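Below is one structure, written out as structure tokens, with a few remarks after it.
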There are 2 protein chains.
Amino acid sequence: MNQPIVDLKSCSNCPIRHRAVCAKCDTDELKQLEEIKYYRSYQAGQPLVWAGDQMDFVASVVTGIATLSQTMEDGRTQMVGLLLPSDFLGRPGRAIAPYDVTANSDLTLCCFRRKPFEAMMEKTPRIGNRLLEMTLDELDAARQWMLILGRKTAREKIASLLTIIAQREAALRQTAPKSGASFELPLTRESMADYLGLTLETVSRQVSALKRDHVIELHGKRQIMVPDFEVLMAETGDDADGGLPV
Amino acid sequence: MNQPIVDLKSCSNCPIRHRAVCAKCDTDELKQLEEIKYYRSYQAGQPLVWAGDQMDFVASVVTGIATLSQTMEDGRTQMVGLLLPSDFLGRPGRAIAPYDVTANSDLTLCCFRRKPFEAMMEKTPRIGNRLLEMTLDELDAARQWMLILGRKTAREKIASLLTIIAQREAALRQTAPKSGASFELPLTRESMADYLGLTLETVSRQVSALKRDHVIELHGKRQIMVPDFEVLMAETGDDADGGLPV
DNA sequence: TTCGCGGGTTGATCCTGATCAAGGCGTGGG
DNA sequence: CCCACGCCTTGATCAGGATCAACCCGCGAA
């Protein structure tokens with residue numbers, strides 16, 4: 001809490017190139033983390049774990065996109081987590097995965113076996129504090145997401161998702177999202193639908209509508225350009241300050 | 001994590017009669033908590049804090065119901081947290097409340113001023129671990145809730161809410177929800193609507209429908225009796241094991 | 001080259017839940 | 001006693017997304 005959230009830049013000489021657990025780049029701690037880490041790669045579409053499976057590692061996303069999702073018996077699915085590079089995956093102290101985890105694109109993880117990681121948490125309270133921080137952030141994000149799912153129109157949902165992705169991608173680059181900048185949508189229409197509680201047809205239609213209304217420009221299917229970020233924000237229905245201050 | 005979640009019964013001689021932060025009833029820790037605690041009461045409907053306000057305490061619900069909610073400029077609101085007795089309120093390390101907090105009924109809190117509480121967390125890692133545990137639980141609950149909001153029908157939403165409330169009330173009494181038992185709905189139709197992302201009319205209609213179909217019995221507006229819990233569970237759309245194992 | 005397939009768009013129609021509206025019940029205050 | 005108000009129910013109608021269906025485009029494999 002009195003611990004600043006370390007960002008990529010100030011962490012650029014850190015052997016773990018993503019901020020998830022890199023609390024303050026203390027060399028001793030890093031050396032220990034270094035010793036228990038390993039990398040794993042997955043292909044797009046590949047499931048990492050199913051809900052209910054044993055999950056004996058925690059990890060941090062190096063490249064690619066992973067998603068957490070829940071599926072009902074009849075096949076309806078709702079995405080409940082979207083992990084971009086530098087995001088943390090897994091739950092220290094919890095052996096069983098409560099959701100399906102899927103590689104939504106080609107994916108590389110930096111993994112830590114759970115037991116040694118937990119042992120290290122015991123010795124290094126700072127890591128525990130950092131994890132509490134991160135979990136609170138996730139909880140805030142989940143609750144923003146609940147507002148989107150419960151009360152927003154399809155158009156507002158799409159605008160909200162675009163805003164969130166733009167903000168998260170910008171945050172990785174240490175900037176705020178800028179009018180006129182363009183970014184790559186890392187999700188298919190179907191994944192967007194699973195994120196937003198819509199059907200893919202509705203997603204497609206609303207994206208087209210935002211394009212028609214010049215809120216966004218599309219280059220190909222995935223490259224999004226936002227002429228005026230304020231205009232997009234206004235479409236989200238959120239008040240001007242844009243949700244969480246972060 | 002290697003810390004069992006302490007329940008009310010094993011904590012019955014504990015001066016703090018609710019389990020939120022009572023990690024293991026260590027007498028030293030409790031004495032310290034005891035020294036910084038105080039009680040506050042609120043009337044039904046009274047706001048505790050608004051989103052964006054300074055919030056200089058954390059607390060645990062003793063009696064009554066509190067809710068966390070988000071409101072859009074045009075008045076649409078979504079409940080994002082429902083706090084029953086023994087639930088924890090507030091975020092160590094975060095001075096600013098991100099949501100509106102409201103007393104949904106007459107409410108008594110057991111409060112701890114944030115600074116001393118955080119200081120104590122520093123000295124007692126067990127409390128930090130407990131808070132991480134609790135936050136992970138809240139995150140799981142939020143994600144179950146996202147499935148409800150994003151993908152369930154109105155009828156499934158109502159059944160899910162009734163199940164959740166029955167389970168949480170039963171958990172306070174250390175039992176599983178039982179067929180034939182009845183419980184008090186602690187929410188108005190409007191609050192149920194805010195919880196589920198519906199209108200109050202739809203809530204009313206679906207409750208009536210469940211009653212008509214003998215899934216539940218109503219005594220008055222708020223007393224619910226569930227003749228067969230399996231039948232209610234089947235209405236939620238969840239698979240038989242009922243979501244999270246907890 | 002052709003085919004099949006994954007991903008995407010668009011149209012027509014349907015249906016669930018929102019909206020608008022009226023009224024019932026119980027309770028507390030004048 | 002009556003009235004007003006909070007809470008809830010029910011009805012009629014509307015509309016936003018879901019559903020069903022057709023088709024496009026680009027790409028990799030045969």
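Bear in mind the structure is a predicted one, so any value in this text is a computation, not a measurement. Chain A is the first sequence line, chain B the second, and so forth, proteins listed ahead of strands; every chain is numbered from 1.
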At 4.0 Å (heavy atoms only), tell me whether [X] reaches a base, stays on the sugar-phosphate, or touches nothing.
{"X": "B:Leu198", "result": "sugar-phosphate"}
{"X": "A:Thr188", "result": "sugar-phosphate"}
{"X": "B:Arg222", "result": "sugar-phosphate"}
{"X": "A:Gly197", "result": "sugar-phosphate"}

For the [atom1] atom on [X], are there more than 12 heavy atoms of other groups (residues, nucleotides or ligands in this structure) within a distance under 6.0 Å?
{"X": "A:Glu73", "atom1": "CD", "value": "yes"}
{"X": "A:Glu201", "atom1": "CD", "value": "yes"}
{"X": "A:Glu230", "atom1": "CD", "value": "no"}

**Complete:** 5'-most to 3'-most nt of DNA chain C touching chain A (<4.0 Å, heavy-atom partner on protein side) reads C:dG8 to C:dA12
Sub-3.5 Å donor-acceptor pair from the side chain of [X] to the main-chain atoms of [Y], do we have one?
{"X": "B:Arg205", "Y": "B:Leu200", "result": "no"}
{"X": "B:Arg113", "Y": "B:Lys37", "result": "no"}
{"X": "B:Asp100", "Y": "B:Ala51", "result": "yes"}

Measure the distance from [atom1] on [X] to [atom2] on [N] and round it to the nearest whole Å.
{"X": "B:Ile158", "N": "D:dT9", "atom1": "CD1", "atom2": "C1'", "result": "14 Å"}
{"X": "B:Leu185", "N": "D:dC7", "atom1": "CG", "atom2": "P", "result": "14 Å"}
{"X": "B:His219", "N": "D:dC8", "atom1": "NE2", "atom2": "C1'", "result": "18 Å"}
{"X": "A:Asp194", "N": "D:dG17", "atom1": "CG", "atom2": "C1'", "result": "16 Å"}
{"X": "A:Leu218", "N": "D:dC25", "atom1": "CG", "atom2": "P", "result": "16 Å"}
{"X": "B:Leu210", "N": "D:dT9", "atom1": "CG", "atom2": "C1'", "result": "15 Å"}
{"X": "B:Glu190", "N": "D:dC5", "atom1": "CD", "atom2": "P", "result": "17 Å"}

**Distance-only donor-acceptor test, A:Arg155 side-chain atoms vs D:dG16 base atoms, 3.5 Å** = no
**Polar side-chain contact A:Glu201-D:dC20 base: donor and acceptor under 3.5 Å** =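 For A:Glu201, whose side chain was compared with the base of D:dC20, there is a donor-acceptor pair (under 3.5 Å).
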**Item:** A:Lys221 vs A:Arg151, nearer the 5' end of DNA chain C by closest nucleotide
**Value:** A:Lys221
**Complete:** Angle separating the five-pair end axes of the helix from C:dT1-D:dA30 to C:dG30-D:dC1, nearest 10°, is 20°
**Prompt:** Any idea how A:Tyr195 and A:Trp145 line up, ring-wise: parallel (<30°), tilted (30 to 60°), or perpendicular (>60°)?
**Reply:** parallel
**Prompt:** Do the charged groups of A:Asp137 and B:Arg91 touch, with an N to O distance under 4.0 Å?
**Reply:**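 Looking at A:Asp137 and B:Arg91, the cut-off is not met.
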**Item:** Side-chain heavy-atom pair A:Leu89, A:Leu68 within 4.5 angstrom cut-off
**Value:** yes
**Request:** Report yes if at least one side-chain N or O of A:Thr199 is closer than 4.0 Å to OP1 or OP2 of D:dA18; otherwise report no.
**Result:**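 Checking A:Thr199 against D:dA18: at least one side-chain N or O falls below 4.0 Å of OP1 or OP2.
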**Asked** So which nucleotide from D:dT19, D:dT10, D:dG17 ends up closest to the side chain of B:Ser208?
**Response**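 Within the option list, the nearest is D:dT10.
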**Asked** Looking at D:dG11, D:dT9, D:dA18, which one has an atom nearest to any side-chain atom of B:Arg205?
**Response**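 Of D:dG11, D:dT9, D:dA18, D:dG11 is nearest to the side chain of B:Arg205.
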**Fill in**
Scanning both residues in full, the closest heavy-atom pair of A:Leu149 with B:Gly150 reads CD2-CA, 4.1 Å
